[in-house]
Amino acid sequence: MTRGLTVIGVLLSLMLTARGQQPMLGGELSNSAVTSVADIDRVMPRMQQLGLNTVLVPAYWELTEPREGQFDFTLTDRVIQQARHCRLKVVFLWFGAWKNSMSCYAPLWFKRDVSRFPRAQTAQGKPLEIATPFAEAVFQADNRAFEAWVSHVARQGADVVTMIQVENEIGMLESARDHSPQAEAAYRKGVPPALKDYLLSHRPSLHPWLAARIQWDQLSAKSPSWTQVFGNDLHTDEIFMAYYYARYVGRLCQTARRHTRVPLFVNAAMNSRGRQPGQYPSAGPLAHLIDLWHCGAPELLCLAPDIYDTGFKQWTSQYALPGNPLLIPESRCCENSGARALYAFGEHRALGFSPFAIDESDTTATATVSEAYRLVRQVYALPHLDQCPTWGLLFDQTDHERIIADGETLITCRHYFTLPWDARATDGTPWPEGGAMLVRLAADEYLLAGTGVVVSFATSYEHQFAGETVLGEDGFAAAGQGSGSAALLPVKPFRGKRLGIGFVDEVTIDNDGRLCYVRRHNGDQDHQGRHARIAVGQWKLLHIKLYEY
């Protein structure tokens, strides 16, 4: 799919794959973590100690403009000052008209004046704590505050502020779309010409979900209705709402562009667990609605998923699209966060990863983030990393194997607990996730950075002969396979080549990208040359050299 990625987005993507350039090794602060100077002074040094290079920080409309037309940038300035002091970058999150669908961070003067700043409504006329995006006064109030704040950030924090998130988890709840009088008037006008033109010109590259819904003969009509083009159900309501939410955000992006060139993005609450539009935040920047968002807000670098549900790999694959580089601004902060970060960077070359509420998380969770970021920093110091194929590994108790075909080399990757001799695999407790980045340095040379994984190598020819014999820790068969020499003979002669492990070295990587030897893993540590492995609870870099025989 071809997407409307801006020039600045392309440059950022290239920059983050260049030698020595680090991706966003982030952590998002909890929603009330920076509501006072004391909060900021307490939390920012801790983020540096955790090994982050970037902190995602809310900027609150209600505290920026407590009285209409009077702006207070004290908190923003303190974040910028502390970021400089702690040698951190900042991604600001504008909590303006909407945060998690609701207008809870709008100032009290805005909330009280419902005649000037009307609310969205359900089909039954029930008002919601959601400002309608169809009221120009709502946009103008939000935009004035946003512009004052953005221009201030551009002047005061250009050296530390690397991205800005516009609003937070936009979407309709209780109803798939807004039914306020302003929204109904827009709905009656039918599909706007700008959207018609976009869909027709991008037809070959549209998201399959959206393309399948469009009645193309109706779209070409002069003034088609939303139901004529998209059908008559909740999903059409969501499509309508997504376009107008995107238009609203697109106008904010245009305002930001008058003052700064930092990348802009939006984040999405997932449409998970079989919920319908309105049961999840309908019309947000979701993967199946990406074309509507790119049409309405072409300045956006990407639509970014907030991943809290199970199925981390499946969610990332939905958003790692051409023209939509993967950025994960929020993910559940837990003991599996480090493994998931390694997967995102290895599989998708993610622009960044950020566990949510890292300031409130316990050390069991934050320790895995620190360890993973320590490995990622080293991998990204490699020269010519942008030219090296990489893969991400992420395993749990039910999804515990992946076979990678790298030319004629077959790489079998598994969770560490698939090895039969670790008692933790069968003690009844859930397996912690194992995750890694796998990098091909040369045709016979790989780097494995991660935790809780085991990797073996074979030629494609050899792989056809691989059996499922269970071996003990000593490398002997765990149980007898029958008697007599005939039981040991292959079905047919072996006439190909095999891959052997020349060596497995534990290494570190210095700031100049040089591999620094730590120790040789041989004998019991590589199962007598059968595999390379990193145990659950350990975080290592392994340099693997192969040979053919």
Side-chain angles (χ1 to χ4, degrees), residues 1 3-4 98 101 118-128 130-135 169-250 266 268-298 303 318-319 321:
M1 285 179 279
R3 298 290 171 209
W98 303 290
S101 300
R119 303 295 185 263
Q121 297 179 14
T122 66
Q124 295 75 34
K126 175 185 175 182
L128 303 170
I130 301 173
T132 176
F134 296 93
E169 290 189 357
I170 289 172
M172 284 289 297
L173 286 173
E174 294 192 43
S175 178
R177 74 170 177 90
D178 182 5
H179 291 271
S180 66
Q182 296 88 347
E184 290 299 312
Y187 191 80
R188 287 192 295 270
K189 291 179 181 179
V191 181
L195 179 57
K196 285 178 52 179
D197 293 344
Y198 183 94
L199 295 175
L200 289 168
S201 63
H202 290 78
R203 180 172 181 175
S205 62
L206 294 178
H207 191 284
W209 180 89
L210 182 63
R213 291 190 62 85
I214 297 173
Q215 299 298 315
W216 293 99
D217 57 334
Q218 296 295 325
L219 184 63
S220 301
K222 184 178 181 180
S223 299
S225 70
W226 291 91
T227 55
Q228 285 175 319
V229 175
F230 299 106
N232 189 14
D233 59 15
L234 289 177
H235 297 292
T236 296
D237 287 350
E238 182 177 45
I239 290 168
F240 161 78
M241 198 70 196
Y243 174 72
Y244 281 102
Y245 268 139
R247 282 281 307 277
Y248 184 109
V249 168
V266 284
M270 298 294 91
N271 50 331
S272 58
R273 310 180 205 179
R275 294 174 290 200
Q276 295 300 305
Q279 295 174 332
Y280 64 80
S282 173
L286 295 157
H288 67 288
L289 304 172
I290 190 169
D291 300 290
L292 301 157
W293 278 86
H294 275 296
C295 175
L303 315 187
Q318 286 190 41
Y319 288 83
L321 300 170

Closest contact, heavy atoms only, [X] versus [Y]:
X	Y	value
P192	Y243	CG-CE2, 3.5 Å
L219	P224	O-CG, 4.1 Å
A176	M241	O-CB, 4.1 Å
H179	E184	ND1-OE2, 2.9 Å
S282	G278	CB-N, 3.4 Å
R275	M270	NH2-O, 3.8 Å

Parallel, tilted or perpendicular: rings of Y244 and F134 (30°, 60°):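 It falls in the tilted class, 30° to 60°.
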Side chain to side chain contact (heavy atoms under 4.5 Å, CB included) involving [X] - partner list, sequence neighbours excluded:
X	value
P181	Q121
A297	V249, L300
D233	R213, H235, T236

Audit row: R273, Y280, side-chain contact (heavy atoms from CB on, under 4.5 Å) steps and yes/no: CA-CA 9 Å; R273 310 180 205 179; Y280 64 80; over 6 Å; no
Taking atom [atom1] of [X] and atom [atom2] of [Y], what is their separation to the nearest 0.5 Å?
X	Y	atom1	atom2	result
L210	L199	CG	CG	6.0 Å
W209	L289	CH2	CG	5.5 Å
I170	W293	CD1	CH2	4.0 Å
L206	C295	CG	SG	10.5 Å

Partners meeting salt bridge (Lys or Arg N to Asp or Glu O under 4.0 Å) with R188 (sequence neighbours left out):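 R188 satisfies salt bridge (Lys or Arg N to Asp or Glu O under 4.0 Å) with no other residue.
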By salt bridge (Lys or Arg N to Asp or Glu O under 4.0 Å) - contacts of E169 (at least two apart):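 None.
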Full working for side-chain contact (heavy atoms from CB on, under 4.5 Å) between R203 and I214: CA-CA 10 Å; R203 180 172 181 175; I214 297 173; over 6 Å; no
Donor-acceptor pair, side chain of K196 and main chain of S223, under 3.5 angstrom: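 Side chain of K196 to backbone of S223, a donor-acceptor pair under 3.5 Å: no, none is there.
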With sequence neighbours excluded, residues passing ring-ring contact (aromatic ring centres under 6.0 Å, His included) with W216: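 So W216 forms no ring-ring contact (aromatic ring centres under 6.0 Å, His included) with any residue.
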N232 CG: over 12 foreign heavy atoms closer than 6.0 Å: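 Open.
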Trace of the side-chain contact (heavy atoms from CB on, under 4.5 Å) decision for T227 with Y187: CA-CA 10 Å; T227 55; Y187 191 80; 3.5 Å; yes
Derivation of the side-chain contact (heavy atoms from CB on, under 4.5 Å) call for V191 and Q218: CA-CA 11 Å; V191 181; Q218 296 295 325; over 6 Å; no
